[in-house]
There are 2 protein chains.
Amino acid sequence: MSTTATPSADSQLRLFARFLREEGLPVTAQRAAVAETLFSSEGHWSVEDLENALRERGEKLGKATIYRTLDLLVKSRLVEELDFGEGFKRYEHRLTRRMGHAHLVCQACGKVEEFQIDEMPAIEARIAREAGFRPTRTRLQIRGLCSTCREKGVTLPQQGLLCPIEVA
Amino acid sequence: MSTTATPSADSQLRLFARFLREEGLPVTAQRAAVAETLFSSEGHWSVEDLENALRERGEKLGKATIYRTLDLLVKSRLVEELDFGEGFKRYEHRLTRRMGHAHLVCQACGKVEEFQIDEMPAIEARIAREAGFRPTRTRLQIRGLCSTCREKGVTLPQQGLLCPIEVA
DNA sequence: CTCAGTGCAAACCGTTTGCAGAACG
DNA sequence: CGTTCTGCAAACGGTTTGCACTGAG
């Protein structure tokens, strides 16, 4: 109901509720609120983002509850934990995303865009075949300069030994 | 000199010294010790690992100096910062490694192996072409079950909604 | 002498944990 | 009534920072 849920947020919430029931855990208002908020956009949510969005919805949860609910969401495999090197974690839900998308992190403005890498399944299959490794979660993160910053003429601080290394 | 340097550790140290000189920074004994230690193996070093290895070499450096030197090594692009989700960072040197290797992290035993992904350059080129994004650093991390653990019959704790999601 | 580098210890900050009280069945 | 969840606040732990001391030029 109400605000900003994407079309499929409801069904995702239902999946989370099912997971909780299977684990013998109650579906509390707080857990539903965190899940619903996180499912409401394709964004990369920090705990602070979630806290603020929840406050705006009129729900005031303690940080601890948010962290504990995120643990459950990650365990349920509906949500993926991310780390863009900011010193804290971010979270994205998985259901409306295809697997094998890369995160393009702009080192100038911090923006993160997603980019589909269609060869990921084939790469994972090769790893399974050649290394005997059974992949469960893949994270591909590419840092660099986004098109917007590039067009603005922004350049990354030229760090030291760029050329010597690439040549070596 | 002395102990466990790989054949090319010397030349890497020389590159780091060159970087420092170019930045107008002195090549101190501590900086050389940290760099030499890190360059002495293909491993994934934590700050604690480095501290211990340095102590065994007879050098006692403060943590702060290690952290500050690692900053310089990362800036020089001779060393890459890693995060395997352990709650702390790890570091690997870049010179004897090919670019575009994935880190296969075993969720059962914690072991990390490297696996060469030859299509990485092509993927980066496509990202540059189609998204206008200029990649500088790529991190590919794949978590799962390594062959050793698999052969031992270890299985990962079956987390919740595996099937429903993959089907969705 | 001067100035940056070092080492210690304190500060920092995202996250986790302990515990008293609330909520649900 | 008992059990679990919640929220507050304290604890935690890796990393960063402030500052007095050291050491090279």
Side-chain angles (χ1 to χ4, degrees), chain A residues 13 16-17 19-38 44-55 57-76 79-92 110, chain B residues 13 16-17 19-38 44-55 57-76 79-92 110:
Chain A
L13 190 53
F16 183 47
F19 166 77
L20 290 173
R21 259 179 269 116
E22 280 171 5
E23 299 281 313
L25 300 170
V27 184
T28 64
Q30 288 90 335
R31 285 172 183 167
V34 171
E36 217 170 298
T37 304
L38 209 165
H44 306 117
W45 294 85
S46 69
V47 169
E48 204 188 334
D49 291 340
L50 283 168
E51 231 182 345
N52 296 338
L54 285 162
R55 201 187 337 273
R57 276 174 58 139
E59 325 245 7
K60 310 155 224 276
L61 316 212
K63 266 193 174 64
T65 302
I66 298 178
Y67 278 108
R68 286 187 278 232
T69 305
L70 285 169
D71 281 348
L72 293 170
L73 283 162
V74 170
K75 278 214 188 76
S76 79
V79 167
E80 194 82 32
E81 189 187 273
L82 309 172
D83 186 343
F84 298 146
E86 301 165 296
F88 51 86
K89 303 282 175 58
R90 291 186 175 272
Y91 300 86
E92 70 176 17
Chain B
L13 190 53
F16 184 47
F19 166 76
L20 290 173
R21 258 179 271 117
E22 281 171 5
E23 299 281 313
L25 301 170
V27 184
T28 64
Q30 290 89 336
R31 285 172 182 166
V34 171
E36 217 172 298
T37 304
L38 208 166
H44 305 117
W45 294 84
S46 68
V47 169
E48 205 189 333
D49 292 340
L50 283 168
E51 232 183 346
N52 295 338
L54 285 163
R55 201 187 336 273
R57 277 174 58 140
E59 325 245 7
K60 309 153 224 278
L61 316 212
K63 266 193 173 68
T65 302
I66 298 179
Y67 278 108
R68 286 186 279 230
T69 305
L70 285 169
D71 281 349
L72 293 171
L73 283 162
V74 169
K75 278 213 189 75
S76 80
V79 166
E80 193 83 31
E81 189 187 273
L82 308 172
D83 186 344
F84 298 147
E86 301 164 296
F88 51 86
K89 303 282 176 55
R90 291 185 176 274
Y91 300 85
E92 70 176 17

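Reminder, nothing fancy here: chain letters follow the sequence lines and each chain counts from 1. All values below come from the heavy atoms of this structure, side chains included, with hydrogens, waters and symmetry mates left out.
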Q) What residues, two or more places apart in sequence or in another chain, satisfy side-chain hydrogen bond (donor to acceptor under 3.5 Å, both in side chains) together with B:E48? A)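 If we apply the side-chain hydrogen bond (donor to acceptor under 3.5 Å, both in side chains) test to B:E48, skipping adjacent residues, there are no hits.
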
(Q) At less than 4.0 Å, is any side-chain N or O atom of A:T28 found next to OP1 or OP2 of D:dT6? Yes or no. (A)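 Result: yes.
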
To the nearest Å, how far apart are [X] [atom1] and [N] [atom2]?
{"X": "B:L50", "N": "D:dG14", "atom1": "CG", "atom2": "C1'", "answer": "14 Å"}
{"X": "B:E51", "N": "C:dG7", "atom1": "CD", "atom2": "P", "answer": "11 Å"}
{"X": "B:K60", "N": "C:dG7", "atom1": "NZ", "atom2": "P", "answer": "12 Å"}
{"X": "A:E23", "N": "D:dT4", "atom1": "CD", "atom2": "C1'", "answer": "15 Å"}
{"X": "B:D49", "N": "D:dG14", "atom1": "CG", "atom2": "P", "answer": "12 Å"}

Q.
With side-chain contact (heavy atoms from CB on, under 4.5 Å) as the criterion, how do A:R90 and A:F84 come out once you've worked through the C-alpha distance, each side chain's angles and the decisive distance to 0.1 Å?
A. CA-CA 8 Å; A:R90 291 186 175 272; A:F84 298 146; 3.7 Å; yes

Q. Under 3.5 Å, side chain of A:R21 to main-chain N/O of A:F16, donor-acceptor pair present?
A.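 No, A:R21 side chain to A:F16 backbone: no donor-acceptor pair under 3.5 Å.
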
Q. Which distance, rounded to the nearest 0.5 Å, do you find between the CH2 of A:W45 and the OG1 of A:T37?
A.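 A:W45 CH2 to A:T37 OG1: 6.0 Å, rounded to 0.5 Å.
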
Distance-only donor-acceptor hits, side chain of residues 59-73 of chain B, under 3.5 Å, sequence neighbours excluded:
| from | atom 1 | to | atom 2 | distance (Å) |
| --- | --- | --- | --- | --- |
| B:K63 | NZ | B:E51 | OE1 | 3.3 |
| B:T69 | OG1 | B:T65 | O | 2.8 |

(Q) Output one letter per nucleotide in nucleotides 12-25 of chain C: B when a protein non-hydrogen atom lies under 4.0 Å from the base, S when only the sugar-phosphate is that close, - when neither is. (A) --SBBBB-------

(Q) B:D83: which residues meet the salt bridge (charged side-chain N to carboxylate O under 4.0 Å, His left out) condition with it, sequence neighbours left out? (A)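 Salt bridge (charged side-chain N to carboxylate O under 4.0 Å, His left out) list for B:D83, sorted by chain: empty.
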
Q: Go through the steps for A:E80 and A:V74 under the test side-chain contact (heavy atoms from CB on, under 4.5 Å), then give the verdict.
A: CA-CA 6 Å; A:E80 194 82 32; A:V74 170; over 6 Å; no

(Q) Just to verify, what does A:F88 make a ring pair (Phe, Tyr, Trp, His ring centres under 6.0 Å) with, not counting sequence neighbours? (A)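 By the ring pair (Phe, Tyr, Trp, His ring centres under 6.0 Å) rule, A:F88 matches no residue at all.
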
Which atoms of nucleotides 22-25 of chain D (N or O only) lie under 3.5 Å from a protein N or O atom, and what are those distances?
none

